[in-house]
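Here is the structure we will look at, set down as structure tokens.
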Amino acid sequence: MLCEKCRVREATIQYTEVVNGVRTEHNFCAQCASEMDLGQDFPLGRLLSGLLGLGTESPREEKYSQVVCPTCGTSYGDFVKNSRFGCPDCYEVFDLLISDKIKQLQGSDSHKGKTAKNQTEKTERQEERAEAPSDGKDGLEEQIARLYACQQAAVRREDYEEAARCRDEIRKLRTGSETDA
Amino acid sequence: MLKWFEETDRESPNIIYSRIRLVRNWTEYPFSGKLTEGQAREMVSRLEKGMRDFCLEEGRDYDFTMLEELSDLERRALRERRILNGTLASKKDPVGLILSRDERVSLVLNGDDHIRMQFIAPGMKLKELWKEADRADDFINGIFPYAYDRKYGFLTAYPTNVGTGLRASAVVHLPALSSGKKFSSLLGEMSRFGASVRGLYGEGNENYGSLYVVSNQKTLGVTEEEIAGLVEKVARQLAEQEQQVRDMALSSDRLGQEDEAYKSYGVLKYARRLTWKDAMIFLSRMMTGVSDGILKFDGPCPVFSIMLGIQKANLQRISQRPLSRAELDVARAGYIRAELPELSGI
């Protein structure tokens with residue numbers, strides 16, 4: 001549903017107003033809602049922060065909360081609210097936004113173990129896509145793994161400066177590769 | 001045919017049962033939460049047709065039901081028997097259930113995810129159950145392509161299941177260990193290894209029956225074997241520590257232990273009214289007595305099966321009518337009297 005004020009962004013906030021016993025419901029996007037004065041008691045930021053512990057870096061997060069999965073119509077805001085995806089494509093659409101959070105939740109962001117034995121168009125497409133830039137990609141994964149090991153070693157010997165440097169390098173490589181994709 | 005919980009496993013004392021749960025999604029549909037009723041019905045019926053081959057292949061007897069055709073009571077009874085979880089038991093959407101007659105294997109279609117497979121066995125059987133689940137999974141994957149991503153593995157509606165989609169769990173009986181002061185910090189320790197331990201029937205001192213569920217916290221970035229191995233290790237560790245505490249109590253005060261076991265048996269065998277809480281406390285003490293070889297019977301004595309049987313929905317199902325609290329207590333005592341075997345060699 002679109003925000004009834006700006007009619008551009010996805011409405012993520014349902015606002016129920018009761019005036020003299022008459023109940024009216026409005027649907028706004030986070031941005032319009034925060035611009036309006038919906039009463040100071042309304043803990044808008046906290047409502048949005050949801051289960052995955054989004055901090056109150058709200059302007060950025062609120063902008064993202066309107067990212068919508070084209071396949072199933074789930075917005076990032078919906079995901080934050082319900083911690084639930086709408087379809088397999090959501091993982092791809094929200095990848096950049098959720099990668100860190102999944103890592104926080106699961107302690108890892110890459111699958112180990114069994115793989116699907118699908119013979120479908122979709123996985124072939126996915127594999128092609130994953131393999132296409134593989135010249136750099138595998139090397140990149142290795143590089144990240146090396147840096148990660150380096151970071152762990154640094155933490156163990158309490159060399160936090162070195163650890164931070166590794167962390168920044170990893171982040172740089174990751175964001176580099178993800179924006180390319 | 002015996003249900004899995006009516007059998008007893010003598011090889012791993014204090015480990016009551018183990019369970020493997022695997023969730024998968026079919027690429028053809030969005031996740032269950034986004035399906036319209038029509039889509040959901042269509043998907044469940046297509047999945048069910050495909051699964052018939054799986055059932056034939058397995059050689060077990062299976063029944064297929066739509067949950068909406070079951071009464072609320074029957075759903076709650078399925079929940080008590082660990083076939084459904086809380087959300088599934090109350091879900092109003094079209095949900096299919098394929099259940100083997102011995103209730104060891106169940107497949108839920110269109111629950112939180114499209115396919116939820118569950119394999120249960122008495123005692124510690126996680127390795128065997130995983131092998132069985134792995135085979136079933138491959139077979140089903142041959143019919144239905146799964147939502148899968150190279151980075152995130154098997155894609156699930158909740159990010160808490162993504163990756164392997166695997167939850168391995170084991171239920172352990174820890175009456176002595178859990179009465180110790182350091183128990184809660186011990187459980188805290190376990191979470192550092194990635195295993196969560198919580199009460200099966202409640203938290204803290206309210207967990208009557210002293211049954212605890214050990215399960216894996218993470219599903220991503222660890223292999224299935226690692227997950228099953230971790231849960232097995234933690235469960236065995238807890239069960240062994242429990243046994244050590246009990247062996248100490250037995251060697252220092254055998255009479256006291258015997259007295260407690262026999263008294264519990266006596267109350268359960270002859271009481272006319274039993275609240276759920278009292279019944280669970282005495283059954284737990286009896287379970288200890290059976291496991292430690294104090295109470296002896298001619299045949300097996302499946303105490304856990306009685307624990308499942310005395311839950312509310314099951315008692316109402318047997319009586320075939322809603323029961324008041326007082327009537328429930330009478331029905332519970334009657335159920336236990338009928339189910340408890342006679343002691344042998346007193």
Side-chain angles (χ1 to χ4, degrees), chain A residues 51-52 69-74 78-131 134 137-138 141 174 177-178 181, chain B residues 22 24-36 39 87 112-114 130 133-135 137-166 191-194 216-228:
Chain A
L51 274 161
L52 285 163
C69 168
T71 315
C72 67
T74 302
D78 292 340
F79 168 69
V80 169
K81 200 167 76 191
N82 309 317
S83 358
R84 186 174 181 167
F85 294 106
C87 73
D89 293 339
C90 290
Y91 280 90
E92 211 179 306
V93 176
F94 304 134
D95 188 23
L96 276 171
L97 302 169
I98 55 168
S99 190
D100 284 352
K101 294 183 179 79
I102 289 198
K103 197 161 185 181
Q104 242 173 34
L105 184 76
Q106 295 271 9
S108 163
D109 62 359
S110 49
H111 176 57
K112 257 170 80 185
K114 207 175 162 166
T115 55
K117 292 163 187 68
N118 301 344
Q119 292 305 323
T120 64
E121 248 174 83
K122 174 147 173 92
T123 37
E124 275 162 23
R125 182 174 64 84
Q126 276 178 346
E127 292 190 359
E128 262 170 39
R129 197 194 47 188
E131 265 157 24
S134 77
K137 184 110 188 183
D138 276 1
E141 286 303 318
R174 279 248 162 83
S177 74
E178 276 165 358
Chain B
L22 212 51
R24 298 289 189 246
N25 287 283
W26 187 6
T27 43
E28 276 203 30
Y29 293 88
F31 293 148
S32 297
K34 282 279 170 184
L35 293 175
T36 62
Q39 281 177 312
T87 29
D112 288 331
D113 291 279
H114 296 164
W130 162 244
D134 190 22
R135 269 200 314 274
D137 184 41
D138 285 345
F139 190 88
I140 295 170
N141 195 188
I143 314 172
F144 305 105
Y146 288 154
Y148 180 83
D149 177 83
R150 279 202 161 191
K151 179 178 171 195
Y152 290 121
F154 294 95
L155 303 177
T156 55
Y158 289 100
T160 44
N161 292 325
V162 74
T164 54
L166 173 67
S191 76
R192 278 182 34 210
F193 298 105
N216 56 307
Q217 287 172 330
K218 289 165 187 171
T219 55
L220 182 65
V222 267
T223 66
E224 290 82 358
E225 286 79 10
E226 283 167 347
I227 291 174

Please name all residues satisfying side chain to side chain contact (heavy atoms under 4.5 Å, CB included) with B/Tyr158, sequence neighbours left out, ordered by chain then number.
->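 Residues passing side chain to side chain contact (heavy atoms under 4.5 Å, CB included) with B/Tyr158: A/Arg84, B/Asp112, B/Thr160, B/Asn161.
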In chain order, what residues pass the side-chain hydrogen bond (donor to acceptor under 3.5 Å, both in side chains) check against B/Asp137, with sequence neighbours excluded?
->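 Applying side-chain hydrogen bond (donor to acceptor under 3.5 Å, both in side chains) to B/Asp137 gives A/Lys114, B/Arg24, B/Tyr146.
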Under 4.5 Å from a heavy atom of chain B, the part of A/Thr115 involved |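 Backbone plus side chain of A/Thr115, per the 4.5 Å heavy-atom cut-off to chain B.
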For chain A, find which of [options] contributes the most heavy-atom pairs closer than 4.5 angstrom.
| options | result |
| --- | --- |
| B/Asp134, B/Thr223, B/Thr164, B/Leu220 | B/Leu220 |
| B/Leu166, B/Val222, B/Asn25 | B/Val222 |
| B/Ala147, B/Gly33, B/Ala157, B/Gly153 | B/Ala157 |

Between B/Gln217 and B/Ser191, a side-chain donor and acceptor under 3.5 Å |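 No, no side-chain donor-acceptor contact under 3.5 Å.
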For A/Asp95 and B/Tyr152, test the side chains for any donor-to-acceptor distance below 3.5 angstrom and give the result as yes or no.
->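 The criterion, which ignores hydrogens and geometry beyond distance, is satisfied for B/Tyr152 and A/Asp95.
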Choice from A/Cys87, A/Gly113, A/Cys72, A/Cys90 maximising heavy atom contacts with chain B below 4.5 Å =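 Top option by heavy-atom pairs under 4.5 Å: A/Cys87.
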Please look at B/Glu226 and chain A and tell me whether the side chain, the backbone, both or neither of the residue comes under 4.5 angstrom of a heavy atom of that chain.
->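 Side chain of B/Glu226 only, per the 4.5 Å heavy-atom cut-off to chain A.
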Between B/Phe31 and A/Phe85, is the gap from one ring center to the other below 6.0 Å?
->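 So the answer is no for these two rings.
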